Amino acid sequence: MVFGGTGDLVARKLLPALWDLVRPDPAAAVHVLALGRREMEEAGYRSWAARRFGDRGRAAPAPWRRWAADHLHYENIGSETPADFQRLADRIRGIEAGHRLPGNRLFYLALPAPAFGPVLDGLGAAGLARAPGWCRLVLEKPFGRDLASARALNETIHRHFRESQVFRIDHYLGKETVQNLLVFRFANMLFESVWNRDRVEHVEITVAEDLGVEHRAGYYDQTGALRDMVQSHLLQLLMLTAMEVPGSLDADEVRNEKVKVLRAIRPIRPEDAVFGQYAAGRTGGRRRPAYRAEEGIPRNSRTETYVALRLSIDTWRWHGVPFFLRTGKRLGGKLTEIVVRFREPPVWFFPRSGSPAIRANTLTILIQPGEGFELAIEIKRPGPEIRLVTQRLHFRYDEAFGPLEDAYPALLRDVVAGDPSLFVRADEVEESWRVVDPLLARRSVRLLYPAGSWGPAAATRLLGRDGHSWSTP
Ligand code: BG6
């Protein structure tokens, strides 16, 4: 059951991801009931979904249309009254009986956050939080707008569902390269033994986008980059980079270690946060309007489209090592990476030439694009003199394995398998809000940066204070 069935996310991401799962066996006992407010006939819904299927310009494949004719259903859920939910319960039982399904149910809430509460209460009141088989709930971020609303949402969820039934999606956790962080760190003694304050100078986490606000003005202007990206994706990357070794791969053991990282983050000082908003400029060879000139954005909006932070994690492993996080829209390119910059050798006896004279080793974990990693090391340039040059050893997923799967099919497969490892637990949501919550009141933007640049100059100074600079632009 998919709430928000007529939304963009469902047509573009969810239905194609589901199709990836059922394609090997289209006759499998999997039925999708899309729920939406629009009055539509079932056939009308199927052709709407076929037209919007996947990324723009990619029509639904013929085998999908054949599958959808039998397996994709639609129900208008109207104003979400108790009678609506009773009708829904009857419809579900009808589909299950008609197709002899085992009664495993998955409710996917592809809805804006304010709509969660009424749906959860409606499902609970209609007895739909239990099923003849398993019953699972999938929620899309954002999980609240601040700490208080996140707590309230968790309370509403837990009134009806047990935490073990709940799968909160942060799609970054479904990316192969993000999952590989654990393998990279805990299957390679080489890196784990230098992954600490003795050897690491600082860590940078960048999630840069060249896209602007696109067609999401209403959502984005109320949200901003801190809520949209930092509270979720960037803190997830931070947790996986900084966490201790879990006792096993058990979902709760991994998530316990992640939450400990959030708990150890010191309150962020005002001078350690930079907020910016894009002004007009050029990206991809085209002139782009300022954020405030985008369709649907108030001309005097002070919503941040860029955030840079300096975080300190007070643990034995990380005390004194700054973590720099940045994210923004309309930047110079699409780039998600984690850079671990190691300390310089304590004594340097090679001739100094060029700038900088000493280069520290860096490990760059490329989340996207160009998924893989790079290790920058110093070598001697061949010749009679001792002259050093930096070389980058690299590994690329696509060279080794071909293109990577999208995050959504992987996450859906885990929901069906009942494995919550890659989903965000209730306390993880609340702790991540605890980190960003004090910043929410401080982020009214005054700094502008040109579209196509790498953000405001203040973000460069944020690292400059510690004698560092961002490794990429
Ligand atoms: C979403 C944000 O969660 O992540 C978007 O709401 C953002 O604003 C997107 O564009 C980025 O995801 P990806 O996978 O393209 O890095």
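Along the sequence shown, residues are numbered consecutively beginning with 1. Remember, it's 1-based here, ligands and their atoms both numbered in the order they're listed. As the structure is a computational prediction, the values presented were derived from the model and not from experiment.
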Numbering as shown, the atoms of ligand 1 that approach [X] to under 4.0 Å (heavy-atom distance):
{"X": "K141", "result": "1 (C), 2 (C), 3 (O), 6 (O)"}
{"X": "K334", "result": "13 (P), 15 (O), 16 (O)"}
{"X": "K175", "result": "13 (P), 14 (O)"}
{"X": "H233", "result": "1 (C), 3 (O), 4 (O)"}
{"X": "E209", "result": "7 (C), 10 (O), 11 (C)"}
{"X": "Q368", "result": "13 (P), 14 (O), 16 (O)"}
{"X": "K329", "result": "5 (C), 7 (C), 8 (O), 10 (O)"}

For A150 against V429, the heavy-atom pair lying closest together: CB-CG1, 4.1 Å
Write out the residue and atom name of the closest protein heavy atom to [atom], then the distance separating them to 0.1 Å.
{"atom": "atom 12 (O) of ligand 1", "answer": "H171 NE2, 3.2 Å"}
{"atom": "atom 8 (O) of ligand 1", "answer": "D228 OD2, 2.6 Å"}
{"atom": "atom 5 (C) of ligand 1", "answer": "R216 NH1, 3.4 Å"}

F323 and W318 aromatic centres sub-6.0 Å: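 Ring centroids of F323 and W318 are less than 6.0 Å from each other.
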K260 bridged to E431 by N-O distance under 4.0 Å: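 Result for this pair is no, no salt bridge flagged.
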Side chain, backbone, both or neither: Y172 near ligand 1, heavy atoms under 4.0 Å: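 Side chain only; the backbone of Y172 stays clear of ligand 1.
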Aromatic plane relationship, W67 with W19 - under 30° parallel, 30 to 60° tilted, over 60° perpendicular: tilted
Residue pair R425 / N256, side-chain donor-acceptor N/O under 3.5 Å: yes
Side-chain donor-acceptor pair present, T305, Y220, cut-off under 3.5 Å: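 No, no side-chain donor-acceptor contact under 3.5 Å.
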Side chain K141, main chain D228, donor-acceptor under 3.5 Å: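 Confirmed, K141 side chain pairs with D228 backbone.
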Chi angles and distances behind the side-chain contact (heavy atoms from CB on, under 4.5 Å) call for V339, W470: CA-CA 9 Å; V339 178; W470 294 103; over 6 Å; no
